[in-house]
Amino acid sequence: MSRALVVGGSVAGLLAARVLGEWFDEVDLVEADELPAGAGPRAGIAHGDQLHVLLTMAQELLDGWFPGIVDRVAADGAVRCGAEEARMLADGVVRPAAPGLVPLPVRRWLLESHLRREVLPRQGVRLFRERVVGLLADAGRVHGVRLASGREVARVDLVVDASGRATRIGEWLRGIGHRPPPKRRLNLDLGYATALFHRSPDQRLDDLSMVHSIRSVDWTPPGVGVLAPVAPDRWVCGISGYGADRPTVDPAEFRQRCLREPAPAFAELVRRCAPAGPVAVHRFPHALRRDFHLTGDFPAGLVAVGDTVVSCNPVYGQGVPSAALHAGALHAWLRSGSGGDLDSADFFARLRVLADAVWQVAAIEDTRLPHVTGDRPRGLRALHAVSGLVSRAARTDDVVAREFTEVVNMRSHPSALSRPGILGRAVLAEARSRFAR
C-alpha cells in the first residue's frame, strides 16, 4: 500500500494532498496548528486578518482542482468584482480596464475552510495535529518523519514539505546528513495594515467596488493600497509601507493614510463608512527563495511546494496561484512517471520555471526601492529599464495594459512583456507622453 505525507495544512498543503490522493492509497496531512471545525481564524496564520485577493488565474486553478469551489466561496459571503467595477491606479493615474478580470477578495480563513471541506473527506486522506521535527532516511532516501510527540511515521513513499517560509527543512536535511538548499533573500521591511468598514448594500466608492493603488518609487512614500468588499456588508482596506513608514494599529493614523492615498476611493471610504473593527498589522521582513534545484545531493522521496520554495512580497497577490501551480507541477511529475522512483531532481527542475517567473516579477519591482538590500537579479539595470517602460505604457495603452495584467495574474510568463510587439507599443507610448509635455 502506497503512502504519502504532507507537512502543513494551509493552502499549499491542502492542494498537495488533493494531488497526492490520486496517486497514493493513503495521504497523511500533518499540521501543528489547531484547525477550526468550520470557517474561522487560526493562530498559525500570522497574516490571516489581512486582505487576500484571488486573481483570475488563482480562481481558474482552484476550480480546476475543485470544480465549482469559487462559486461556493462566493456564495459563502465573498463578493466578486467585475472588470468594470475594479481599477488599478499607479501614482493616482488610472490604468485601462483589463477585460475578463474578475477578482475575488476573500478572507484567508474562509478559503482554507472550503479547501478543507474538499480535501479532508476524500478517501485515504487523514489529518493529524502534530509537529514534524525531523526526517527518517536511509541510503539517500526519505521514508518518514519524526514528530514532536516522539512518535515516528515510517514506511512513507513521499514526503511533501508545505510548511511555508518558516519551514525547518534545512535542519531536517542536516539531521540526515544532507545539505540544505541555498537561499536568496531580499530585505523588504514591509508592513501592512488592514481594517474592516461597514458597507451598505451594493455600495461603491468613487463608482468602484475594488481599487488597487500602487505608489511607486516616484511617489513619497511608496507602497500599495487595496480596497474591496470582503462581504456584502463589509469593506476591507489594506495599506502598506516600508521601513519607518510601516503602518501601526492606530485607527487615527490609518485614517490619515487613507486620506493621503492618491486613489480617491480611500478618502471616500473613511469619510462615508464607519469602522467595523480594529486595525490589524503584519510585518513581512524579507522575500525568500530556496533554490532546491541547486542541491546536488538532495534525498529522494522528499519535495517541497508553496512558500517553502518561494515567498515573495505579498502585495503582488501571487501566493495562492503559486501554490496551485506547484500542485500542478507535482501532478505532472507523478503522471509523467518521473516520480516513479521519487527522484526529487526532476520535480525541482520543473518547479524552477515557476519559481523563476514569480521571483523575477517581484524582485524587479522590489529592487526599485532604494532601501531594499539582498540578492539582486543579474542585469538589473536593463530589467528595470524594460519594466519601467512597460509599466508606464500600461497607463495609457490598452494592449500593453492587458499583457501587463496577464503577467501580474500569472497567466503569462514575464518574458511576454519583452516581446517586440509589446516593447514597440511601449516605446511609442513613451514618445507620445514626452511629446505631450
Side-chain angles (χ1 to χ4, degrees), residues 1-33 35 64-66 112 115-149 151-164 167-169 172-173 175-176 178 290 292 298-309 322-351 354:
M1 179 172 288
S2 59
R3 187 181 191 185
L5 183 145
V6 181
V7 186
S10 192
V11 174
L14 290 164
L15 288 168
R18 161 67 179 85
V19 170
L20 295 170
E22 294 188 11
W23 300 95
F24 295 87
D25 299 315
E26 294 182 355
V27 179
D28 293 339
L29 187 60
V30 182
E31 168 57 53
D33 203 12
L35 301 178
W65 293 116
F66 312 103
E112 283 193 4
L115 290 174
R116 288 197 298 272
R117 288 180 210 169
E118 298 284 344
V119 173
L120 296 183
R122 290 177 177 265
Q123 184 175 1
V125 178
R126 300 178 298 177
L127 174 67
F128 295 94
R129 189 187 177 193
E130 273 279 15
R131 183 167 60 88
V132 173
V133 296
L135 300 170
L136 304 176
D138 182 45
R141 177 180 295 274
V142 170
H143 60 79
V145 298
R146 291 187 294 107
L147 304 175
S149 63
R151 177 187 166 202
E152 293 186 348
V153 182
R155 295 190 299 276
V156 174
D157 298 293
L158 179 64
V159 174
V160 179
D161 181 14
S163 57
T167 178
R168 314 304 293 182
I169 194 169
W172 303 343
L173 287 167
I176 59 172
H178 287 262
R290 293 178 175 89
F292 287 95
F298 202 84
L302 174 67
V303 296
V305 295
D307 283 356
T308 300
V309 180
S322 285
L325 287 169
H326 290 190
L330 182 63
H331 185 272
W333 176 60
L334 293 168
R335 183 180 58 191
S336 71
S338 301
D341 59 0
L342 302 181
D343 181 3
S344 308
D346 181 66
F347 173 74
F348 287 125
R350 294 168 182 265
L351 207 61
L354 302 174

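Only a predicted model underlies this, so the values are computations on that prediction, with no experimental measurement involved. As a basis for the values below, the full set of heavy atoms in this structure was taken, side chains included, without hydrogen atoms, waters or symmetry mates.
Formation of a donor-acceptor pair under 3.5 Å by the Arg3 side chain with backbone atoms of Ala154 is found in this model. Side chain of Ser163 to main chain of Gly8: no donor-acceptor pair is present (N/O by atom type, distance under 3.5 Å, no hydrogens or angles). Side-chain atoms of Arg168 never come within 3.5 Å of backbone atoms of Val133 as a donor-acceptor pair (strictly under, hydrogens ignored). Remark: the backbone N or O of Pro299 is paired with a side-chain donor or acceptor of Ser344 at under 3.5 angstrom.
Phe347 is linked by a ring-ring contact (aromatic ring centres under 6.0 Å, His included) to Trp333, counting only residues two or more places apart in sequence or in another chain.
Residue-environment remark: CZ (Arg141) exceeds the threshold of 12 foreign heavy atoms within 6.0 Å.
Between Val30 and Leu147 there is a side-chain heavy-atom pair separated by less than 4.5 Å. Trp172 has its side chain within reach of Val7: a pair of non-hydrogen atoms, C-beta onward, lies under 4.5 Å apart.
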Walk me through it: do Leu351 and Phe292 pass the test side-chain contact (heavy atoms from CB on, under 4.5 Å)? CA-CA 9 Å; Leu351 207 61; Phe292 287 95; over 6 Å; no
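Sorted by first and then second residue, the salt bridge (Lys or Arg N to Asp or Glu O under 4.0 Å) pairs involving residues 151-160 (not counting sequence neighbours) form an empty list.
Electrostatic pairing of Arg18 and Glu118 does not count as a salt bridge here, judged by no charged N lying under 4.0 Å from a carboxylate O.
Closest approach of Arg116 to Pro121, counting heavy atoms only: O-CD, 3.5 Å.
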